[in-house]
Amino acid sequence: VITSYPLAWLYKDAIKIWLKASQEKRIERVAKRDNISLEEAKRVILVRDEENKLLYRELYGIRLDEDLSVFDFVINTDILDAEKVLRIVCKIIDEIKK
């Protein structure tokens, strides 16, 4: 398992899964994880998203979270906890390996 924004566009021979979450859910998760306010978490997310979008567009011509066609699967994690996401991903990999 490798986590990397641009790798799905750069590497061809892999099972590629995008874990998608709404901005609201990401803000909640960052606030909880980092023990910061929702306002601070929102600021962090907005800055990080904009910096990442600009960086990967400049370096690789990738439009993050706009064109997900390179991914084999897109999983909406808003309604799933980490354990459920892991089970789903493992199930996908198990099924593909059969």
Side-chain angles (χ1 to χ4, degrees):
V1 174
I2 300 172
T3 179
S4 167
Y5 284 125
L7 196 57
W9 284 268
L10 302 174
Y11 191 75
K12 303 296 180 207
D13 297 323
I15 301 168
K16 298 177 225 171
I17 302 171
W18 180 266
L19 301 179
K20 185 169 184 63
S22 67
Q23 187 178 81
E24 294 78 19
K25 185 57 79 169
R26 293 171 58 226
I27 290 168
E28 288 174 22
R29 290 173 178 166
V30 167
K32 183 177 179 183
R33 181 194 68 200
D34 296 347
N35 196 27
I36 58 177
S37 70
L38 289 172
E39 295 79 22
E40 179 63 15
K42 182 176 182 177
R43 190 191 69 72
V44 168
I45 292 288
L46 292 174
V47 168
R48 182 173 64 195
D49 285 355
E50 190 58 33
E51 288 176 352
N52 284 337
K53 284 180 182 181
L54 290 173
L55 176 66
Y56 294 116
R57 188 175 301 139
E58 288 177 14
L59 290 176
Y60 306 108
I62 294 169
R63 297 196 175 275
L64 288 181
D65 204 21
E66 291 178 26
D67 176 14
L68 302 179
S69 64
V70 299
F71 292 91
D72 302 304
F73 300 91
V74 176
I75 300 172
N76 177 359
T77 66
D78 277 2
I79 58 173
L80 303 167
D81 62 23
E83 185 178 317
K84 289 177 183 172
V85 172
L86 178 60
R87 283 199 311 256
I88 291 168
V89 169
C90 289
K91 183 71 172 170
I92 289 170
I93 293 168
D94 288 345
E95 289 298 318
I96 290 173
K97 289 185 345 185
K98 286 183 178 182

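Note that these values count all heavy atoms, side chains included, but never hydrogens, waters or copies made by symmetry. Keep in mind the model is a prediction, meaning the values are calculated, not measured. Note that the numbering runs from 1 along the sequence shown for the chain.
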Supply the atom-to-atom distance [X] [atom1] to [Y] [atom2], rounded to the nearest 0.5 angstrom.
| X | Y | atom1 | atom2 | value |
| --- | --- | --- | --- | --- |
| Leu64 | Tyr60 | CG | OH | 11.0 Å |
| Asp78 | Gln23 | CG | CD | 11.5 Å |
| Trp9 | Ser4 | CH2 | OG | 9.5 Å |
| Leu80 | Ile75 | CG | CD1 | 8.0 Å |
| Ile45 | Glu24 | CD1 | CD | 11.0 Å |
| Ile36 | Ile27 | CD1 | CD1 | 10.0 Å |

Is there a side-chain contact between Ile92 and Asp72 in this structure, where contact means two heavy atoms from C-beta onward sitting under 4.5 Å apart? no
Between Lys16 and Tyr11 (side chain of the first, backbone of the second, donor and acceptor by atom type, cut-off under 3.5 Å), is there such a pair? yes
So does Glu40 pair up with Arg43, basic N to acidic O under 4.0 Å? yes
Looking at Lys25 and Glu28, is any side-chain nitrogen of the basic one under 4.0 Å from a carboxylate oxygen of the acidic one? yes
Minimum-distance pair of heavy atoms, taken over all atoms of Ala31 and Ser37: CB-O, 4.0 Å
Considering non-hydrogen atoms only, spot the tightest contact between Ala21 and Arg29 and give its length. CB-NH1, 3.8 Å
Are [X] and [Y] linked, directly or through other ILVMFWY residues, by side chains that come within less than 4.5 angstrom of each other?
| X | Y | value |
| --- | --- | --- |
| Tyr56 | Leu68 | yes |
| Val70 | Leu10 | yes |
| Val30 | Ile79 | no |
| Leu38 | Val47 | no |
| Ile62 | Leu59 | yes |

So for atom CG, which belongs to Asn35, do other residues, nucleotides or ligands contribute more than 12 heavy atoms lying within a distance under 6.0 Å? no
Which residue, Ile88, Leu86, Ile93, forms the side-chain contact (heavy atoms from CB on, under 4.5 Å) with Cys90? Leu86
